[in-house]
Amino acid sequence: QLQLVESGGGLVQPGGSLRLSCTASGFSLDNYAIGWFRQIPGKEREGVSCISPSRGMKDYVDSVKGRFTISKDNTKNTVFLQMNNLKPEDSAVYSCAAVFASNSARYYSCSRDADRYDYWGQGTQVTVSS
């Protein structure tokens with residue numbers, strides 16, 4: 001059974017940091033692009049960041065550039081999202097998603113478009129508040 005599990009969310013003060021983890025079970029992430037998404041109730045889901053299977057491509061939404069860093073550890077079958085200098089507007093449920101790289105082009109690319117992804121985790125709540 002293919003499964004993604006997020007962890008690392010919580011309550012943090014503005015300016016603080018959190019590291020989210022997305023761990024896969026039932027399959028290897030070696031050939032999957034991973035995306036991180038966030039959603040606030042009543043608003044559209046937003047693609048925050050993504051990383052290609054090769055790890056050569058990383059992409060970020062403008063609002064988190066310079067503050068968030070995505071990384072992948074194939075030995076742990078886990079993708080991380082390091083979030084620094086958090087702001088109240090970063091509060092949301094964060095979910096990770098995976099899509100198989102079906103050709104060589106997709107091995108070196110990733111997308112923040114949620115429609116591209118096939119497998120989703122349940123999400124973890126991030127709350128930034130004083």
Side-chain angles (χ1 to χ4, degrees):
Q1 183 179 0
L2 305 182
Q3 191 174 15
L4 294 170
V5 178
E6 302 94 338
S7 61
L11 172 64
V12 64
Q13 292 186 344
S17 298
L18 286 173
R19 188 176 79 158
L20 304 183
S21 299
C22 172
T23 300
S25 61
F27 67 107
S28 169
L29 289 180
D30 288 5
N31 293 304
Y32 284 78
I34 300 297
W36 278 102
F37 299 83
R38 64 187 180 187
Q39 189 166 24
I40 302 170
K43 292 193 174 182
E44 286 191 6
R45 182 162 47 195
E46 178 181 47
V48 176
S49 181
C50 68
I51 186 168
S52 64
S54 69
R55 292 177 285 185
M57 176 180 174
K58 301 175 184 179
D59 191 31
Y60 302 91
V61 66
D62 285 347
S63 61
V64 308
K65 285 180 180 178
R67 299 189 298 121
F68 290 12
T69 302
I70 193 169
S71 62
K72 185 180 176 188
D73 187 338
N74 285 341
T75 64
K76 297 181 179 179
N77 218 25
T78 298
V79 171
F80 302 99
L81 186 67
Q82 178 67 43
M83 307 187 297
N84 298 328
N85 190 22
L86 283 160
K87 304 176 180 181
E89 52 264 41
D90 294 319
S91 298
V93 173
Y94 284 71
S95 300
C96 64
V99 60
F100 181 70
S102 57
N103 56 53
S104 59
R106 293 188 178 185
Y107 185 76
Y108 296 101
S109 66
C110 69
S111 170
R112 290 186 290 108
D113 180 354
D115 290 339
R116 302 280 187 94
Y117 290 83
D118 299 317
Y119 305 103
W120 289 82
Q122 293 297 311
T124 184
Q125 177 71 47
V126 171
T127 303
V128 185
S129 175
S130 55

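Please read these numbers as outputs of a predicted model, since none were measured by experiment.
Within the 6.0 Å centre-distance limit, the rings of Phe27 and Tyr32 are counted as a close aromatic pair. Between Phe37 and Trp120, the distance from one ring center to the other falls under 6.0 angstrom.
No more than 12 heavy atoms of other residues, nucleotides or ligands lie within 6.0 Å of CZ in Arg106, so this atom counts as exposed by the packing criterion. The 12-atom threshold is exceeded at CZ of Arg67, counting heavy atoms of other residues, nucleotides or ligands nearer than 6.0 Å.
Side-chain heavy atoms closer than 4.5 Å link hydrophobic residues (I, L, V, M, F, W, Y) into clusters, and following such links, even through other members, never connects Val99 to Ile34. Under the 4.5 Å side-chain contact rule for hydrophobic residues, Val126 and Val79 share a cluster. Leu20 and Val61 fall within a single hydrophobic cluster, where Ile, Leu, Val, Met, Phe, Trp and Tyr side chains are chained together by heavy-atom contacts under 4.5 Å.
Checking side-chain atoms of Arg112 against main-chain N and O of Gly47 turns up a donor-acceptor pair under 3.5 Å. Panel note: side chain Tyr119, backbone Ala24; no donor-acceptor pair is recorded below 3.5 Å. In this structure a side-chain-to-backbone donor-acceptor pair under 3.5 Å is missing from Ser130 to Gln13. With hydrogens and angles ignored, the 3.5 Å screen pairs no side-chain donor or acceptor of Thr78 with any backbone N or O of Thr23. No donor-acceptor pair closer than 3.5 Å links the side chain of Asn74 to the backbone N or O of Asn77. Proximity of a side-chain donor or acceptor of Ser91 to a complementary backbone N or O of Glu89 within less than 3.5 Å is not detected. In this structure, Glu6 contributes its side chain and Gly123 its backbone to a donor-acceptor pair below 3.5 Å. Listed for the Lys72 side chain is a donor-acceptor partner under 3.5 Å among the backbone atoms of Leu29.
Rounding to the nearest 0.5 angstrom, the gap separating the SG atom in Cys96 from the CD1 atom in Ile51 is 12.5 Å. To the nearest 0.5 Å, atom CG of residue Leu4 and atom OG of residue Ser25 are 7.5 Å apart. How far OG of Ser109 is from CG of Asp59: 10.5 Å, rounded to the nearest 0.5 Å. Going from atom OG of Ser21 over to atom NZ of Lys76 covers 8.5 Å, rounded to the nearest 0.5 Å. With rounding to the nearest 0.5 angstrom, the CG atom of Asn85 is 8.0 Å from the OG atom of Ser17. Distance OH/Tyr117 to SG/Cys110: 5.5 Å, rounded to 0.5 Å.
You'll find the side chain of Val48 stays beyond 4.5 Å of the side chain of Tyr60, heavy atoms only. Side-chain contact between Phe100 and Asn31 is present, with at least one heavy-atom pair separated by less than 4.5 Å. Counting heavy atoms from C-beta on, the side chains of Tyr107 and Ser54 come closer than 4.5 Å. The shortest side-chain heavy-atom distance between Trp36 and Cys22 falls under the 4.5 Å cut-off. Here the side chains of Pro88 and Pro14 are in contact, with some heavy-atom distance below 4.5 Å.
Ser111 and Asp113 share no donor-acceptor pair across their side chains, judged by distance under 3.5 Å alone.
Figure legend: cation-pi geometry between Arg19 and Phe80, with NZ or CZ positioned under 6.0 Å from the six-membered ring centre and within 45° of its axis.
Closest approach of Gln125 to Ala92, counting heavy atoms only: NE2-O, 3.4 Å.
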### Task
Assess whether side-chain contact (heavy atoms from CB on, under 4.5 Å) is satisfied between Met83 and Tyr94, documenting all intermediate values.
CA-CA 12 Å; Met83 307 187 297; Tyr94 284 71; 3.9 Å; yes
### Task
Before giving the answer on side-chain contact (heavy atoms from CB on, under 4.5 Å), spell out for Gln122 and Val5 the whole-Å C-alpha distance, their side-chain angles and the decisive distance to 0.1 Å.
CA-CA 7 Å; Gln122 293 297 311; Val5 178; over 6 Å; no
### Query
Stepwise, does the side-chain contact (heavy atoms from CB on, under 4.5 Å) test hold for Arg45 with Ile40?
CA-CA 7 Å; Arg45 182 162 47 195; Ile40 302 170; over 6 Å; no
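The one candidate from Thr124, Val12, Leu11 that meets the side-chain contact (heavy atoms from CB on, under 4.5 Å) condition with Leu18 is Val12.
Between Asp90 and Lys87, none of the side-chain N atoms (NZ, or NE/NH1/NH2) sits under 4.0 Å from a carboxylate O, so this pair counts as no salt bridge.
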